[in-house]
2 protein chains.
Amino acid sequence: MPYDLILQNIGKHIHLEPQEEARFVSLLTSRELKKKQFLLRENEVCRHSAFVIQGCLRSYNLDENGFEHILQFAPTDWWTADMYSLISQQPGSLYIDALEDSEVLLLSKKDQEQLYHDCPKFERFFRIITENSLVANRRRVLDNLSLSAQQRYAMFCQHYPSLINHLPQKQIAAYIGVTPEFLSKLRKEFRHS
Amino acid sequence: MPYDLILQNIGKHIHLEPQEEARFVSLLTSRELKKKQFLLRENEVCRHSAFVIQGCLRSYNLDENGFEHILQFAPTDWWTADMYSLISQQPGSLYIDALEDSEVLLLSKKDQEQLYHDCPKFERFFRIITENSLVANRRRVLDNLSLSAQQRYAMFCQHYPSLINHLPQKQIAAYIGVTPEFLSKLRKEFRHS
DNA sequence: CTATTTTCTTAATCTACATTATTGTTTTCG
DNA sequence: CGAAAACAATAATGTAGATTAAGAAAATAG
């Protein structure tokens with residue numbers, strides 16, 4: 001069964017009894033995504049938290065010129081959602097799609113809130129991973145304000161070594177905030193230093 | 001008593017019984033900060049969550065050239081902390097200081113976790129405000145990637161109208177990620193359009 | 001109230017990064 | 001497999017925003 005990974009993921013922060021595990025997995029639905037297939041589009045309402053058990057997703061928006069800007073990569077063992085839309089149940093601005101053939105487990109907002117109510121441990125779990133995500137995003141805000149493109153690329157390599165050889169460079173460029181052409185230049189300098 | 005504001009702040013998301021309110025406020029300590037006085041410095045361990053009841057704080061870091069980059073303004077009715085340091089209890093990279101004479105209420109990490117344990121409602125409260133902060137920070141990451149300085153300034157004016165006339169421009173520049181000189185130029189264009 | 005410090009404006013010059021264009025390479029897929 | 005599409009490298013040119021400098025205005029302190 002494909003639930004080992006998500007139960008392990010939760011187990012990093014809270015301990016679940018067998019019947020709590022059973023209850024939890026009973027709420028999950030599975031969904032396969034082919035490469036480039038969308039889990040969510042701009043202006044849709046996000047109704048689920050998604051946990052990646054295979055493959056890799058990304059969430060991004062489009063600017064007024066149609067360029068993509070990547071908010072998050074979600075490889076295996078990561079959670080993803082348009083948090084603004086999920087919380088407010090208003091149309092969001094994010095696209096979420098698959099960078100390769102992938103599989104996700106979905107937990108609906110309604111079930112998630114019911115879980116919080118029935119078993120506060122789950123609220124603790126999501127409180128903790130939300131805190132961790134907040135720390136990472138605050139770090140990224142400050143990095144974008146205080147580091148050069150060269151330094152941001154170095155940080156990315158350091159922080160996500162497994163993604164570097166896995167993702168097309170243009171995706172990394174759209175994450176650190178430079179054009180693919182400029183990243184190509186940066187990498188050349190990198191090699192010679 | 002100066003606890004009305006913080007109880008109201010909490011009351012926006014959860015309902016507390018009188019004895020829960022009493023328990024909560026008994027854990028708070030108050031601290032006054034003169035303008036420019038620090039609540040936290042780089043390399044210190046952050047041991048408290050802070051709630052501003054008077055004045056305005058800011059959290060920022062220094063880049064390799066000694067320039068300040070502002071992560072957050074915390075006016076009256078806002079929470080602030082170095083979340084990375086608070087969670088990990090490792091030395092952090094943030095400075096937190098007062099932009100004007102201010103007063104904060106402090107809740108220690110230990111007491112906060114005890115509260116979570118004794119009364120899950122508090123965990124819900126902090127889960128919710130952490131989610132809201134995450135949404136705001138993700139929005140800011142994408143704005144920094146996809147908007148021009150002009151547009152980021154316009155967003156700031158729209159999102160924090162009360163801060164615009166309250167803060168020195170150089171602080172706003174250090175928040176949106178431009179030099180004060182360039183912001184001055186932007187504002188001139190703004191006026192003539 | 002005055003002196004000092006901090007903040008704001010303006011303008012000239014500079015640079016990190018964007019844009020555009022071209023060519024070569026790799027991946028995808030029928 | 002072979003054709004098409006996506007990706008990457010390189011280089012010439014363009015520009016948003018940085019840097020430097022200097023003076024004016026405002027806030028602060030003594």
Side-chain angles (χ1 to χ4, degrees), chain A residues 33-37 55-56 58 60 62-70 97-102 143-157 163-193, chain B residues 33-37 55-56 58 60 62-70 97-102 143-157 163-193:
Chain A
L33 294 169
K34 288 288 174 196
K35 184 170 179 172
K36 296 192 181 180
Q37 202 179 340
C56 187
R58 63 171 181 161
Y60 66 94
L62 296 182
D63 68 24
E64 57 188 5
N65 302 312
F67 288 107
E68 298 173 354
H69 301 276
I70 296 179
D97 70 0
L99 289 169
E100 56 192 88
D101 293 355
S102 301
D143 285 351
N144 286 344
L145 293 178
S146 46
L147 301 181
S148 68
Q150 183 72 261
Q151 291 170 316
R152 274 177 277 140
Y153 178 64
M155 290 293 283
F156 187 90
C157 293
L163 291 179
I164 285 295
N165 304 309
H166 196 73
L167 295 177
Q169 275 175 220
K170 61 175 299 200
Q171 302 298 334
I172 295 167
Y175 182 93
I176 65 175
V178 295
T179 58
E181 294 83 355
F182 192 66
L183 179 57
S184 178
K185 202 181 202 171
L186 289 181
R187 281 166 51 87
K188 190 163 66 164
E189 293 167 25
F190 222 62
R191 272 179 248 124
H192 296 279
S193 66
Chain B
L33 293 168
K34 287 289 174 198
K35 184 170 180 174
K36 295 193 182 178
Q37 201 180 341
C56 186
R58 62 170 182 164
Y60 66 95
L62 296 182
D63 68 24
E64 57 187 5
N65 302 311
F67 289 106
E68 299 172 354
H69 301 277
I70 296 179
D97 70 1
L99 288 169
E100 55 193 88
D101 293 353
S102 301
D143 285 352
N144 286 344
L145 292 178
S146 46
L147 301 181
S148 67
Q150 182 73 260
Q151 291 170 316
R152 275 177 278 139
Y153 178 65
M155 290 293 284
F156 186 90
C157 293
L163 291 179
I164 285 293
N165 303 310
H166 197 72
L167 295 176
Q169 280 183 49
K170 61 175 299 199
Q171 302 299 334
I172 295 168
Y175 182 94
I176 66 175
V178 295
T179 57
E181 294 83 357
F182 192 66
L183 179 56
S184 179
K185 204 181 199 172
L186 289 181
R187 280 166 52 88
K188 189 162 65 165
E189 293 167 26
F190 223 63
R191 271 179 250 128
H192 295 279
S193 67

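Values in this document were obtained by computation on a predicted structure and should not be read as measured data. First the proteins, then the strands, lettered A, B, ... as listed; each starts at 1.
- Here D:dA8 presents its C1' atom at 10 Å from CG of A:Leu183, a figure rounded to the nearest Å.
- Taking A:Lys35 as the reference, A:Asp101 meet the side-chain contact (heavy atoms from CB on, under 4.5 Å) condition, with sequence neighbours excluded.
- Taking CD of A:Glu181 as the start and NZ of A:Lys170 as the end, the distance is 10.0 Å to the nearest 0.5 Å.
- Atoms CD (A:Gln151) and C1' (C:dC17) sit 14 Å apart, rounded to a whole Å.
- In this entry the distance linking CG of B:Leu147 with C1' of D:dG17 reads 15 Å, nearest Å.
- The side chain of A:Lys36 lies closest to D:dA6, out of D:dA6, C:dA18, D:dA11.
- Bending across the helix from C:dC1-D:dG30 to C:dG30-D:dC1, expressed as the angle between its end axes from five pairs apiece, amounts to 60° (10° rounding).
- In this structure, CG of A:Asp63 is placed 15 Å from C1' of D:dA16, rounded to the nearest angstrom.
- Remark: A:Asp63 engages A:Asn65, A:Phe67, A:His69, B:Ser146 in a side-chain contact (heavy atoms from CB on, under 4.5 Å) (not counting sequence neighbours).
- Taking every heavy atom of both residues into account, B:Cys56 and B:Ser102 meet most closely at N-OG, 3.0 Å.
- Checked against side-chain hydrogen bond (donor to acceptor under 3.5 Å, both in side chains), B:Asn144 has no partners two or more places apart in sequence or in another chain.
- Looking at residues two or more places apart in sequence or on another chain, you find a salt bridge (charged side-chain N to carboxylate O under 4.0 Å, His left out) between B:Arg58 and B:Glu68, B:Asp97.
- Heavy atoms only, all atoms of each residue included: A:Ala173 and A:Leu183 are closest at N-CD2, 3.7 Å.
- Contacts of A:Ala174 classified as side-chain contact (heavy atoms from CB on, under 4.5 Å), with partners at least two apart in sequence or in another chain: A:Ile70.
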How would nucleotides 19-24 of chain C be written as a contact map, 5' to 3', with B for base contact, S for sugar-phosphate-only contact and - for no contact, using protein heavy atoms under 4.0 Å? BBB---
Scoring nucleotides 25-30 of chain D by protein non-hydrogen atoms under 4.0 Å (B base, S sugar-phosphate only, - none) yields ---S--
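- Under the side-chain contact (heavy atoms from CB on, under 4.5 Å) criterion, B:Ile164 pairs with B:Tyr153, B:Phe156, B:Cys157, B:Ile172, not counting sequence neighbours.
- Between the CG atom of A:Asp101 and the P atom of C:dT27 there is a distance of 16 Å, given to the nearest Å.
- Not counting sequence neighbours, A:Ser184 has no partner by the side-chain hydrogen bond (donor to acceptor under 3.5 Å, both in side chains) test.
- For A:Glu100 and C:dT27, the CD to P distance is 14 Å, given to the nearest whole Å.
- Shortest non-hydrogen contact noted between B:Val178 and B:Ala149 is CG1-CB, 3.5 Å.
- Atom C1' of nucleotide C:dC14 and atom NZ of B:Lys185 are separated by 12 Å, given to the nearest angstrom.
- Heavy-atom minimum distance, A:Leu186 versus A:Gln150: CD2-NE2, 3.7 Å.
- Heavy-atom minimum distance, A:Leu33 versus A:Ala98: CB-CB, 4.0 Å.
- Heavy-atom distances under 4.0 Å link DNA chain C to A:Gly177, A:Val178 of residues 163-178 of chain A, given in residue order.
- The side chain of B:Lys188 lies closest to C:dA11 when the candidates are C:dC17, C:dA11, C:dT9.
- Not counting sequence neighbours, the partners of B:Gln151 by the side-chain hydrogen bond (donor to acceptor under 3.5 Å, both in side chains) test are A:Glu64, B:Ser148.
- One atom, NE2 of B:His69, and another, C1' of D:dG17, lie 14 Å apart when rounded to the nearest Å.
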